[in-house]
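This report concerns only the one structure given below.
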Number of protein chains: 2
Amino acid sequence: MARISPAPQRFERRVPGIDYAVLDGLVGYALRRAQIAIYEDFESALGPLAVTPQRFSALVVIAGNPGITQGTLGRVLGIARSGVVLVVHGLQEQGWVTREAHGQDARTWLLKLTPEGSVLLTAARRRVRAHDARIGRRLSPAERAQLIALLDRLGPDA
Amino acid sequence: MARISPAPQRFERRVPGIDYAVLDGLVGYALRRAQIAIYEDFESALGPLAVTPQRFSALVVIAGNPGITQGTLGRVLGIARSGVVLVVHGLQEQGWVTREAHGQDARTWLLKLTPEGSVLLTAARRRVRAHDARIGRRLSPAERAQLIALLDRLGPDA
DNA sequence: TATTGTTATACTCTATAACTATA
DNA sequence: TATAGTTATAGAGTATAACAATA
């Protein structure tokens, strides 16, 4: 039985026989390791819809805050203004987002979802919820909530 | 008082007035949000040493597993063989890593730290530990341990 | 035939800086 | 002067595919 495509290379959290030394006790490394595994699942679940994690975040934020400007979207996503142009352009190319003129300030654009964008987002949201449930399947609801709460408290700020 | 350099753009976890909708309940988004903030702190702490998270992981793994091959290192880091070439090349350019011939298999290289690499790693390890303590400063030791344990259980596997 | 590493190439994501048009 | 968005450009980081040497 011939193998059609090469075995999908999956990330191994622990390669047998390897000493991870100090890495095993670091919060940052545990986070990185988890995210690599999670990204693979997101990609296989949302890739067919041409939705990346960043695009999903952008769509949700635009949907929940219609008329948001590119500058504010950039702050939410944590990327530079020049990057927002590219993200928004991609969403426009897909027909999911439109930019409308701002009445008072001719410099800014108001971002909104198109009807097609709303339909897409509904499907994507469903898949993302399933994906998120899948990656957290080994956690109880309480553990899942606590994980989110602990993650929210991470950071160098006092 | 003139501002010398532009205010260092920091990631805002929650932009005031923005509805994050479904994002707030997702483990994956909490992870992403935490990692952006953490990466900024890592960068400011280790950037001066020319050490990235990936380089740090590679150095720790090579130090703890002297003679590891590039293929195995790639599996540990979760990247393709072609990417390992670039990482290792960068570490060699810094004078931190050498490749020695394998006695039995002429195809493979054995990776080892140089004395300079060991010195660098000692300094980097100290800074990473401080960084990791800093990002987890709002967590008790028990909470920190639990966070790592919860992260280790994430993933789509049964 | 399969494996290890290399090279060529390309794509994504991100940033900085210079630019425009407005305010 | 300052701000919103755009463009040009560059640098990471990653991947795939074709290749050489070796197993």
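Computed from heavy atoms alone, side chains included, the values below leave out hydrogens, waters and symmetry copies. Residue numbers begin at 1 in each chain, while the letters A, B, ... track the order of the sequences.
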Any donor-acceptor pair under 3.5 Å from B/R144 side chain to B/G136 backbone: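 No: the side chain of B/R144 does not pair with the backbone of B/G136.
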Please round to the nearest 0.5 Å and tell me the distance separating atom [atom1] of [X] and atom [atom2] of [Y].
X: B/E100; Y: B/L110; atom1: CD; atom2: CG; result: 7.0 Å
X: B/R99; Y: B/H89; atom1: CZ; atom2: NE2; result: 8.5 Å
X: A/K112; Y: A/N65; atom1: NZ; atom2: CG; result: 12.5 Å
X: B/T114; Y: B/L120; atom1: OG1; atom2: CG; result: 8.5 Å
X: B/L151; Y: A/Q35; atom1: CG; atom2: CD; result: 10.5 Å

Please work out which of the three classes, parallel, tilted or perpendicular, describes the rings of A/Y20 and A/Y29, given edges at 30° and 60°.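 Plane angle between 30° and 60°, so tilted.
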With the 4.5 Å side-chain cut-off for hydrophobic clustering, are B/L31 and B/I38 part of the same group?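 As far as the 4.5 Å side-chain criterion goes, B/I38 and B/L31 are connected within one cluster.
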Would you mind reading off the distance between [X] atom [atom1] and [N] atom [atom2], rounded to a whole angstrom?
X: B/L77; N: D/dA15; atom1: CG; atom2: C1'; answer: 15 Å
X: B/L73; N: C/dT6; atom1: CG; atom2: P; answer: 12 Å
X: B/I68; N: C/dT4; atom1: CD1; atom2: C1'; answer: 14 Å
X: B/E40; N: C/dA15; atom1: CD; atom2: C1'; answer: 13 Å
X: A/E43; N: C/dT12; atom1: CD; atom2: C1'; answer: 12 Å
X: A/I79; N: D/dT6; atom1: CD1; atom2: C1'; answer: 14 Å
X: B/W109; N: C/dT6; atom1: CH2; atom2: C1'; answer: 11 Å
X: B/L111; N: C/dG5; atom1: CG; atom2: C1'; answer: 11 Å

Name of the residue among A/T72, A/T69, A/V76, A/L73 meeting side chain to side chain contact (heavy atoms under 4.5 Å, CB included) with A/V84: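 Testing each of A/T72, A/T69, A/V76, A/L73 against A/V84, the sole residue satisfying side chain to side chain contact (heavy atoms under 4.5 Å, CB included) is A/L73.
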Go through D/dT6, D/dA15, C/dT4 for me and flag the one nearest to the B/A80 side chain.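 Selected nucleotide (nearest to the side chain): D/dA15.
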Face-on cation placement of A/R33 at A/F11 ring, 6.0 Å and 45° thresholds: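 No cation-pi geometry.
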Carboxylate-amine/guanidinium proximity below 4.0 Å for [X] and [Y]:
X: B/R14; Y: B/D24; answer: yes
X: B/D157; Y: A/R134; answer: no
X: A/R153; Y: B/E143; answer: yes

So B/G83, base contact, sugar-phosphate only, or nothing? Heavy-atom distance under 4.0 Å.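 The residue B/G83 makes no contact with any strand.
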Nearest atoms (heavy-atom pairs only) where B/A50 meets B/W96: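 So the minimum-distance heavy-atom pair works out to O-CH2, 3.9 Å.
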Is DNA chain C part of any stem, that is, at least 3 consecutive Watson-Crick or G-U pairs with both distances under 3.5 Å, and where?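 Only these stems qualify: C:1-23 with D:1-23.
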Go through residues 93-102 of chain A and report each residue with a non-hydrogen atom lying under 4.0 Å from DNA chain D, sorted by number.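 The answer is A/R99.
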Please confirm whether any donor atom in the side chain of B/S82 sits under 3.5 Å from an acceptor in the base of D/dT16, or the reverse.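 In this structure, the two groups form a donor-acceptor pair.
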Nucleic acid contacts of residues 44-58 of chain A, taken as heavy-atom distances under 4.0 Å to DNA chain C: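 Correct list: A/T52, A/Q54.
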Pairs satisfying salt bridge (charged side-chain N to carboxylate O under 4.0 Å, His left out), at least one member in residues 113-126 of chain A, at least two apart: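 Qualifying pairs: none.
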Under a 4.0 Å heavy-atom criterion, the protein footprint on nucleotides 18-23 of chain C, written with B, S and -, is ---BBS
Please write out each protein N/O paired with an N/O of nucleotides 9-11 of chain C under 3.5 Å, distance rounded to 0.1 Å.
none

Report yes if some heavy atom in the side chain of A/L113 is under 4.5 Å from a heavy atom in the side chain of A/P66; otherwise report no.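 They are not in contact (no side-chain heavy atoms under 4.5 Å apart), so the answer is no.
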